[in-house]
Amino acid sequence: MNGKLYLVATPIGNLEDITLRALKILKEVDLIAAEDTRNTLKLLNHFKITKPLISYHRHNEEIKVDNLISKLKNGENIAVVSDAGTPGISDPGEVIVKSAIENNIEVIPIPGACAAINALIASGLDTKEFTFYGFLPLNKKARREKLNELKNETKTAIIYEAPHKLQNTLEDLKKIVEKRKIVLGREITKIHEEFIRGNIDEIISKNTNLKGEMIILLEGATKKEEEKNINKLSIEEHYNYYKNLGLDKKEIIKKISKDRGVSKNEIYIKFVKDKK
Ligand code: SAM
């Protein structure tokens, strides 16, 4: 019989934020696949758990999966953990989950801490609908496109950022957000936890000496702002904006034609004929 694949959330700072069920599963599984085995070893030592560890991180995810799947097929139960928080959320996990499903292996989430959700609920911004952006791309073109998407995002946006890149990302956001509210969630669940709220200029001026882990939340654009921003785009940018939202060619043409008040045919002939 196949073993089971558990995705176990671990604390994002405060070690008390681990569930009883997570500890039970970590004690019971045959093997723990960890993003950084040294980090996880510290966590296991703290809870007096002794268990074989195998490294499973972003750079070896594809390679390690086959090995882990064959162990699962041999009946071993495996827990995947990341350095902090929920596996698969800007952390390894996605690849093995897809492969486990293809191989009829049961996938079981063990819920717990996640920086994005905890920052969101304490932010004071809209929680009814939100978009998780994870880390913004580093590639210049991809980043510009993502920033365009953010400019028109009408839902609360959640962005992860590494501490040393925060200032740069805030400067990029300054170019697109104007008056929208921003919240920085810093060191959530740790001693220096704080939520810094304000507009982009206030946030940038307060950020200069801040240290530690940070998450950025951005108030959604109003419909009016979205329309105003869209009107400033070239047709090419307009096309890519909807493409990045996952719309197909037909839907994109329909939307652009409505936004710009021109016929669908005109858009098709002028700009889209050669696009895939
Ligand atoms: N899988 C994790 C989760 O469930 O939240 C996220 C991992 S991602 C590699 C790390 C990023 O999450 C950090 O760069 C930061 O943006 C955010 N983060 C993690 N822990 C945090 C904390 N305690 N306070 C604020 N942000 C945190």
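These numbers come from the heavy atoms of this one structure, side chains and all, not from hydrogens, waters or symmetry mates. Indexing begins at 1, ligand by ligand and atom by atom, following the structure's order.
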Ligand 1 atoms nearer than 4.0 angstrom to some heavy atom of Gly185 are 25 (C)

**Q.** NZ (Lys190) with more than 12 external heavy atoms under 6.0 Å
**A.** yes

Modelled atom types, side-chain donor and acceptor of Thr189 and Asn118, under 3.5 Å: no

ask   = Short question: side chain of Asn77, backbone of Gly3 - any donor-acceptor pair under 3.5 Å?
value = no

- Query: For the side chain of Lys179 and the backbone of Asn199, is there at least one donor-acceptor N/O pair under 3.5 Å apart?
  - Reply: no

query = ligand 1 and Glu161, any nitrogen or oxygen pair closer than 3.5 angstrom?
reply = yes

Atom 7 (C) of ligand 1: closest protein heavy atom, distance to 0.1 Å, is Asp91 OD2, 3.3 Å

Within 4.0 Å of some non-hydrogen atom of Met214, the atoms of ligand 1 are 15 (C), 16 (O), 25 (C), 26 (N)

CG (Leu217) and CZ (Phe195) are apart, to the nearest 0.5 Å, by 8.5 Å

_Check this for me: Glu62, atom CD, are more than 12 non-hydrogen atoms of other residues, nucleotides or ligands nearer than 6.0 Å?_
no

Short version for Ala119: what comes under 4.0 Å of ligand 1, heavy atoms counted, is neither

Just distances here: any N/O of Pro87 and N/O of ligand 1 closer than 3.5 Å?
-> no

query: Taking Glu187 for the side chain and Glu213 for the main chain, is one N or O donor matched with an acceptor at less than 3.5 Å?
result: yes

Nearest non-hydrogen protein atom to atom 3 (C) of ligand 1, with distance, is Tyr160 OH, 3.5 Å

Distance col, row Leu120:CG vs Phe132:CZ, nearest 0.5 angstrom, shows 11.0 Å

For atom 2 (C) of ligand 1, the closest protein heavy atom turns out to be Ala84 O, 3.3 Å

- Please verify whether a non-hydrogen atom of Gly13 lies at under 4.0 Å from ligand 1. no

* **Test item: Thr127 side-chain N/O and Ile121 main-chain N/O as donor-acceptor pair under 3.5 Å** => no

The atoms of ligand 1 lying under 4.0 Å from a heavy atom of Phe135, numbered in the order shown, are 8 (S), 9 (C), 10 (C), 11 (C), 14 (O)

- Decide whether Arg58 and Ser82 meet the rule of one side-chain donor and one side-chain acceptor closer than 3.5 Å. no

Atom 23 (N) of ligand 1: of Asn118, Thr189, Thr10, Ile188, the nearest heavy atom sits on Ile188

### Query
Do Glu149 and Tyr241 meet the criterion of a side-chain donor-acceptor pair at a distance under 3.5 Å?
no

Atom 4 (O) of ligand 1: of Thr86, Ile89, Ile117, Ile215, the nearest heavy atom sits on Thr86

Filtering Gly93, Gly112, Ala115 for the heavy atom nearest atom 18 (N) of ligand 1 leaves Ala115

Nearest non-hydrogen protein atom to atom 13 (C) of ligand 1, with distance, is Glu213 OE1, 3.6 Å

Quick note on ligand 1: atoms under 4.0 Å from a heavy atom of Lys190 include exactly 23 (N)

Logged contact type for Glu193 with ligand 1, heavy-atom cut-off 4.0 Å, is neither

If we number the atoms of ligand 1 from 1 as shown, the ones under 4.0 Å from a heavy atom of Gly85 are 3 (C), 4 (O)

